[in-house]
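The structure appears below as C-alpha cells.
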Amino acid sequence: MFLYSDSNKRYHTYSYFLKHKFGGKVAKLSLDGGFSCPNLDGSKGWGGCSYCSSRGSGDFAGDPAVSLRQQLEQQRAVMEKKWPGSQYIAYFQAHSNTYGPLDRLKACFEPALDFPGVVGLSVATRADCLDGEKADYLAELMEKTFVEVELGLQSVFDSTGERINRCHSYREFLDGFQLLRERNIPVCVHLIDGLPGESREMMLESARQVGELRPHSVKLHLLHVLEGTALAQQWKRGEFALLEREEYVSILCDQLELLPPEVVIQRITGDGDKNSLLGPMWSRDKKKVMNAIDMELARRDSYQGKKWEER
C-alpha cells in the first residue's frame with residue numbers, strides 16, 4: 001500500500017491529508033472576494049490568461065453579487081447535503097486574491113475565518129501578487145489557523161507563459177514561492193496539462209521541476225476550452241489539439257511518478273462549466289477519468305514518487 005493512503009489510492013490525496021490533519025471530513029467553501037488580476041486591468045496585460053473565463057477560474061465559486069457571509073452560507077448549505085457535519089476551509093478561488101492593499105485582504109480573510117465551522121484558509125493567487133508585507137500577514141494568520149496559498153504556475157516554460165498571456169515569468173514565480181517558503185506557509189502549485197504548443201516531455205519537465213521545489217501540494221489540471229475565452233478562438237481556428245483521455249491519463253501518471261510521495265495531490269483532473277465547455281467533452285465524466293488513473297497506476301504497479309525515489 002502507498003504510504004500516504006488508507007484506501008486504494010496510489011497517490012497522496014488531499015482528502016487523506018485533511019482527514020489526518022483535522023480528524024474528519026473537511027470541505028472547501030469556494031468564494032469570490034471581488035479581486036481582480038494584473039493582466040486584466042492593464043498593469044501587466046489585458047484579457048487575462050487565455051484559458052480563463054470571466055470568473056477568473058472561479059466558475060464554481062460563490063456569487064460576487066452577494067456578501068462573503070452569504071456566499072459562505074450558500075456554499076455550506078450545498079456541502080452539508082453532501083457531507084453532513086463537515087468542517088470547512090474558506091477558499092478564495094476567483095482571480096488573484098492577494099492583488100490589492102493589505103487592508104483589502106484583511107477585510108475578506110478575517111471575517112471568513114470567523115464563520116462557524118471554518119478551520120482554515122486557502123488563498124488562490126499569482127506569485128507576482130505577493131510581497132513581504134502580505135507574506136508576513138499570511139504567516140501571522142498561520143499562528144491562529146491553517147493557511148495555504150495556491151499559486152497558478154501552469155508551466156515552467158516562459159514560452160508557454162507568453163502563449164497563454166500569463167504575464168509573469170518562471171523567475172517571478174520562484175521569487176513569490178520563496179517569500180512563502182521562508183515563512184513556512186504551505187504552497188499548492190497549479191500545473192495544466194495540454195497547453196498549446198507543449199509536448200509531453202515539457203509537461204513532465206514542469207512536474208519534475210516543481211517536484212524539486214518540494215511544495216506542500218500540487219494541483220494537476222486538464223486544459224479545458226471554455227466559450228468566450230481567447231483560448232476558444234485559438235482552438236476554433238485549429239491552432240492546437242486537445243488531449244484525448246488516454247493521453248491525459250498516461251501523462252498524469254508519468255507526472256505522479258516524478259513527484260515526491262509526501263507532496264499532497266489536491267487535484268488530478270479538472271472541472272469545466274458544462275454550460276460553456278467546448279472540450280474535451282470526455283472530461284465531463286470526472287469519475288471515469290479518476291478511475292482510469294487508478295487503473296493505469298495499478299497496471300504499471302506504480303505509485304506517486306516511484307521515479308523520484310529511483311533517482
Side-chain angles (χ1 to χ4, degrees), residues 35-53 56-58 92-102 105 123-136 138 148-183 185-224 229-231 234 239-240 251 255 258-260 263 266-267 270:
F35 290 89
S36 185
C37 192
N39 66 344
L40 275 176
D41 66 7
S43 64
K44 282 205 164 184
W46 300 97
C49 293
S50 64
Y51 52 81
C52 246
S53 72
S57 296
F92 285 83
Q93 182 179 23
H95 297 295
S96 299
N97 293 278
T98 58
Y99 187 50
L102 185 60
L105 276 60
V123 180
T125 192
R126 290 161 53 102
D128 61 342
C129 294
L130 291 166
D131 56 32
E133 182 184 48
K134 291 170 184 173
D136 285 342
L138 292 169
E148 64 182 7
V149 177
E150 298 190 9
L151 296 181
L153 173 60
Q154 323 315 352
S155 171
V156 303
F157 294 95
D158 285 339
S159 58
T160 300
E162 291 173 8
R163 188 162 182 173
I164 63 175
N165 197 43
R166 186 175 63 191
C167 295
H168 75 70
S169 66
Y170 184 44
R171 179 69 259 173
E172 288 174 288
F173 166 83
L174 293 173
D175 291 343
F177 181 89
Q178 186 62 23
L179 282 173
L180 300 171
R181 170 62 61 81
E182 289 170 351
R183 293 160 177 80
I185 298 170
V187 180
C188 176
V189 181
H190 290 216
L191 293 174
I192 294 179
D193 290 333
L195 289 169
E198 289 228 331
S199 66
R200 181 191 193 98
E201 183 48 46
M202 291 172 75
M203 297 175 223
L204 299 189
E205 183 60 25
S206 286
R208 190 177 292 113
Q209 291 195 35
V210 167
E212 295 285 355
L213 295 174
R214 299 290 190 97
H216 174 265
S217 53
V218 170
K219 280 187 174 180
L220 298 168
H221 290 262
L222 166 69
L223 179 69
H224 291 104
T229 62
L231 191 76
Q234 296 167 14
E239 295 179 14
F240 69 97
I251 291 166
Q255 290 175 316
L258 293 168
L259 291 168
V263 171
Q266 288 207 30
R267 185 182 289 269

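- Proximity of a side-chain donor or acceptor of N97 to a complementary backbone N or O of A124 within less than 3.5 Å is detected.
- Closest approach of L151 and L180 over heavy atoms only: CD1-CD1, 4.1 Å.
- Annotation: side chain of D136 is in contact with side chain of R183 (closest heavy-atom distance under 4.5 Å).
- Looking at residues two or more places apart in sequence or on another chain, you find no side-chain hydrogen bond (donor to acceptor under 3.5 Å, both in side chains) involving E133.
- With sequence neighbours left out, the side-chain hydrogen bond (donor to acceptor under 3.5 Å, both in side chains) criterion links R200 to S250, D254.
- For D158, the side-chain contact (heavy atoms from CB on, under 4.5 Å) partners are R166, S169, Y170, not counting sequence neighbours.
- Ion pairing between E201 and R208 holds under the 4.0 Å rule for side-chain N and carboxylate O.
- Judged as a side-chain contact (heavy atoms from CB on, under 4.5 Å), and not counting sequence neighbours, the contacts of S50 are I164, A230, L231, Q234.
- Using a 4.5 Å cut-off on side-chain heavy atoms (C-beta onward), I185 and H216 make no contact.
- Nearest heavy-atom pair, S43 versus Y99, reported as atom, atom and distance to 0.1 Å: OG-OH, 2.9 Å.
- Scored by the side-chain contact (heavy atoms from CB on, under 4.5 Å) test, N165 finds N39, C167 as partners (sequence neighbours excluded).
- Under a 3.5 Å cut-off, the side chain of T160 and the backbone N or O of S155 do not form any donor-acceptor pair.
- In plain terms, the two heavy atoms of G197 and R163 that are nearest each other are CA-NH1, 3.3 Å.
- The shortest heavy-atom contact between C188 and K219 is SG-CG, 3.7 Å.
- No donor-acceptor distance shorter than 3.5 angstrom exists from the side chain of K134 to the backbone of P101, with no hydrogens or angles considered.
- No side-chain donor-acceptor contact under 3.5 Å links S217 to the backbone of V263.
- Side chain of S96 to backbone of T98: no donor-acceptor contact under 3.5 angstrom is found.
- With a 4.5 Å cut-off on side-chain heavy atoms, Y51 and L223 count as touching.
- The minimum heavy-atom distance linking V189 with P215 is given by the pair CG2-CB, 3.9 Å.
- Classification of K44 and E172 as a salt-bridged pair holds, one side-chain N sitting under 4.0 Å from a carboxylate O.
- Annotation for A135 and L179: closest pair CB-O, 4.1 Å, computed over non-hydrogen atoms.
- In this structure, the side-chain contact (heavy atoms from CB on, under 4.5 Å) partners of R181, at least two apart in sequence or on a different chain, are F177, Q178, R214.
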